[in-house]
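The basis for the numbers below is simple: all heavy atoms, side chains too, and nothing from hydrogens, waters or symmetry mates.
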Amino acid sequence: MSESKFAEFRPRWKEYEWRVIRGEKVAPPVNHALDEVFAKRAGSGESPPSLRVWDRYEPEVPFGRFQSPGNEVDAENAEKYGVALVRRMTGGGAMFVEPENIITYSITAPINFVSGMGAVESYEFLDEWVVGALRSIGVEAYYEPINDISSSGGKIGGSAQARSFGAVLHHTTMSYEMDARKMLEVLRIGKEKVSDKAVESAEKRVGPIKRQTRMPKEEVISALLATFAEYAGGNVRTDIVSEEEMDEAEKLVESRYGTREWNEMIP
Amino acid sequence: MHGEYKVPGGKLVIADFEVENGKLARVSINGDFFLEPPEALGKISASLEGADIGEDEGELARRVRDSLGENVEMVGFDAESVAAAVGRGLS
């Protein structure tokens, strides 16, 4: 492993036994609700900290807690393509997600895990292992503060964090592949009609993982998890979302992440 | 009115509002920034409610700063960038 910018904090990864979950496919709001469930349980000590990789049934635009959906999404095109709009509990920006094109993971840990770190520093700390993992499979990745993972081939992904319920929740979404035209039709990056030039420029700006390694997505995820296990000093336990956690998440979908009040509110 | 300000090295701040009798009304500050606790955003927007459109950005920023409690952490933006987004919307 390469030397760490976070020599002082790096041993913290080894202080816990981590649950590592490769999540089943769920409806888009359920993943967001699971983040809250896992944050609460990690914060209270009811559950150990976790790394959870998401999977989804449908495309979605997860957008930041402080964003106004009308400014970020073309609602008509989102509907046309069957894209769910879900507000996250974290800040940050909107992303266009087609399940097969994206890798998303969440880390939840007690707040002490990031004590002594400022917000900007903790973003990079929590994604350092991912940058390392991407390099191990030949992607020239690097961190671009505040919250982006970039590479010699373009931007790969972004992270968002919340410090709530006595926990830190950190989730990251990375492009494995992308359909730039569809993304530009769904996200309101420019207001004019999507031009070939805009598509070309988006394709240059973003550097999906598949353009930089030939590895299939599932193998990329396995490589990420292998590096994570190294960071954790082998203190990882492969696990699943429990029935109880899923029930709690379903309730949160009904009361929050699946409601218009939450998703359509103007901050 | 709609104004956007991209903080250099930071995030995008958007101000959506109306002007009534020369004063800001129905102010929404939104964007891809980070803020803890999240409830602080309501206070930021409310602090600009009723501001005179003649106020300069320094005065608008002071309103925002005064609305923030001690433990509020703004990441990727600050009171000045909120004022700048409002300023863009007015110009």
Heavy-atom distance under 4.5 Å to chain B: side chain of A:R65, backbone, both or neither?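 Interface part for A:R65: side chain.
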Quick one: what part of A:A94 sits under 4.5 Å from any heavy atom of chain B, side chain, backbone, both or neither? neither
Pair A:F125 + A:W13: ring centers closer than 6.0 Å: yes
So which part of B:I44 gets closer than 4.5 Å to some heavy atom of chain A, the side chain, the backbone, both or neither?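 For B:I44, no heavy atom lies under 4.5 Å from chain A.
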Part of B:L41 within contact of chain A (heavy atom distance under 4.5 Å):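 It is the side chain, since no backbone atom gets that close.
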Test ring pair (Phe, Tyr, Trp, His ring centres under 6.0 Å) applied to A:W129 and A:F6, A:Y143, A:F228, the passing residue: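 Result for ring pair (Phe, Tyr, Trp, His ring centres under 6.0 Å) with A:W129: A:F228.
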Salt-bridge contact B:E49-B:K23 (side-chain N to carboxylate O under 4.0 Å): no
Quick one: does A:Q161's side chain get under 4.5 Å of A:Y123's, heavy atoms only?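 A side-chain contact under 4.5 Å exists here.
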Within the supplied structure, the quantity of interest is the number of heavy atoms (other residues, nucleotides, ligands) at a distance under 6.0 Å from B:D56 CG; does it exceed 12?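 Atom CG in B:D56 is packed in, count exceeds 12.
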For residues 107-120 of chain A, run the donor-acceptor check on the side chains, cut-off 3.5 Å, and write out each pair with its distance to 0.1 Å, sequence neighbours left out.
| residue | atom | partner | partner atom | Å |
| --- | --- | --- | --- | --- |
| A:T108 | OG1 | A:S50 | OG | 2.7 |
| A:S115 | OG | A:N112 | O | 3.1 |

Is it the case that B:D16 and A:S68 place a side-chain donor and acceptor less than 3.5 Å from each other?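 No, A:S68 and B:D16 have no side-chain donor paired with an acceptor closer than 3.5 Å.
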Rounded to the nearest 0.5 Å, what separates atom CE in A:M89 from atom NE2 in A:H171? 8.0 Å
From the list A:S164, A:P267, A:G92, A:G91, the residue making the most non-hydrogen contacts under 4.5 Å with chain B is A:G92
Close contacts, residues 252-265 of chain A versus chain B, judged by heavy atoms under 4.5 Å: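 Under the 4.5 Å heavy-atom cut-off, nothing qualifies.
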